[in-house]
2 protein chains.
Amino acid sequence: MVLADSGGIESLSMRKLAGELGIEAMSLYHHVKSKEDILDGMVDIVFGEMELPSPGEAWKTAMRRRAESTRAVLARHPWAIAILDSRTTPGPATLRYSDTVIGYLRAAGFSIPMAAHALSILDSYVRGFAMQEASLPLDPSGSIQAATESILEQQPMMSNAFPHLGAMAAELILKPGYAYGNEFQFGLGLILDGLERALATENGPQRGDAPAEGGAGSQSAAS
Amino acid sequence: MVLADSGGIESLSMRKLAGELGIEAMSLYHHVKSKEDILDGMVDIVFGEMELPSPGEAWKTAMRRRAESTRAVLARHPWAIAILDSRTTPGPATLRYSDTVIGYLRAAGFSIPMAAHALSILDSYVRGFAMQEASLPLDPSGSIQAATESILEQQPMMSNAFPHLGAMAAELILKPGYAYGNEFQFGLGLILDGLERALATENGPQRGDAPAEGGAGSQSAAS
DNA sequence: CACAGCGACCTTACACCGTAAGAGTCTCCC
DNA sequence: GGGAGACTCTTACGGTGTAAGGTCGCTGTG
């Protein structure tokens, strides 16, 4: 079901979907309540494709892998990005996913509020990045040069009216080897480092003894 | 033009828009090439509403204000979030906005690659957060309690099958005073602090930045 | 003044969309 | 045999974006 859809664009209609299945549009309504139902199911499948952290991993690498997996899944299903959160009736895979990640963070020593912070910032960043990436006019190689050039050509006054934009285009984006996708790692590392610091601060800069948890990884006690 | 649209939902159609203006649908096509044209213009207006940093401000406060302004504007025009980036022909306000911000960062000591990093992470985060926030079922007070409760009620096995999700709902989200919007500040501060550190590292560690607590942290933030 | 040109507006029409309503048809179980 | 579903179909309605072309009234020029 999803196969046909993610292959095509989000121009899937009840009639086309039915055609794909060899039946008529209205027959679909005996299996689903509405098109919203189908979208709900598709979103749940997308969540099901995301990699879950496996126990025993250090939380930082686990969260990094989770973020990269999410980005990869969303790149595979760009249509899903805009509707991921807007489903008001989360499916089982969605709930399972959230529950597992929260449980993982808690086991790694995150308090409940800190886990909520971490979830919020990571998901906002990953989905925001996926959104920007999905809407960039990339050629298959993942480069953005061609599109940038065409904008520059359209606007020859670019370097006059918008000097900094022009400079960034000329000196960074148009350089061979630049791919916007690489920006992902920088931001992800920055956020994970920031979370590590926040976690250390929370877990007691004062009398930071007895960190009872078998928390994964980095204990850099405040000096 | 935008007034009518952002007030209503994204269910604006050529016919409704024409009706708002007292004319017929097809008459619009004498002023715009297509509906895409209208969306382009609307997106540009949205960019125009965003606050630009004023010279002389410290870059951190300037970027914080920019992020908060962007979030406020996108909260005012939720329909814009999903299509902000997908416009392939940026309008003048959009270009001006990007150019000013880049110029501002450059003046504050960011190299071109570092400015690109900063733009990418800030915009991804802010837009991702705005997206999540916009799709949350909030009551007018900005709280999420009612919706959370209804999900919990629908799924009484929540606390069994999804214990961590249930715990976070019970001990954080359902507590009076919790509002998801407050998560924004945490993530924004974390990112700005991270950028500050990355900037200091880039600009040469000769300026003793007292990296005492950084310990042997990961250097994945290096450019 | 007359008149051509043109831009703003209109009507009509087409192919698509989600789906409400209801009418077969087929298979299984008592 | 005879329900009882489950499944599919046809028909129809009100919506969408927009292609094609018609009808005004204003304006510039002679």
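Quantities reported herein were computed from a predicted structural model and do not represent experimental measurements. Because only heavy atoms are used, hydrogens play no part in the values below, and waters and symmetry mates are left out as well, while side chains stay in. Throughout, protein chains are lettered first and strands after them, A, B, ... in sequence-line order, and every chain is numbered starting at 1.
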Q) So, B:Tyr178 and B:Glu183: side-chain donor and acceptor under 3.5 Å apart, yes or no? A) yes

| message | Using modelled atom types and a 3.5 Å cut-off, is there a donor and acceptor pairing between side-chain atoms of B:Tyr104 and backbone atoms of B:Glu57? | response | yes

Contacts of A:Phe184 meeting ring-ring contact (aromatic ring centres under 6.0 Å, His included) (sequence neighbours excluded), chain-then-number -> A:Tyr125, A:Phe129

Any donor and acceptor pair, going by atom type alone, linking the side chain of B:Ser135 with main-chain N or O of B:Met131 inside 3.5 Å?
-> yes

CG (A:Leu188) and OG (B:Ser124) are apart, to the nearest 0.5 Å, by 11.0 Å

Going 5' to 3' through nucleotides 9-17 of chain D and flagging B where a protein heavy-atom sits under 4.0 Å of the base, S where only the sugar-phosphate is that close, and - otherwise, we get BBBB---BB

Taken to the nearest whole Å, CG/A:Leu28 to P/D:dA6 is 17 Å

So CE of B:Met168 and CZ of A:Arg106: to nearest 0.5 Å the spacing works out to 8.0 Å

Surrounding CZ of A:Arg96 (heavy atoms of other residues, nucleotides or ligands, distance under 6.0 Å), is the total greater than 12? no

Smallest heavy-atom separation, A:Asp44 atom then A:Ala93 atom, equals OD2-N, 3.0 Å

Note: chain B reaches DNA chain C at heavy-atom distances under 4.0 Å over the stretch, first to last nt, 5' to 3', of C:dA8 to C:dA13

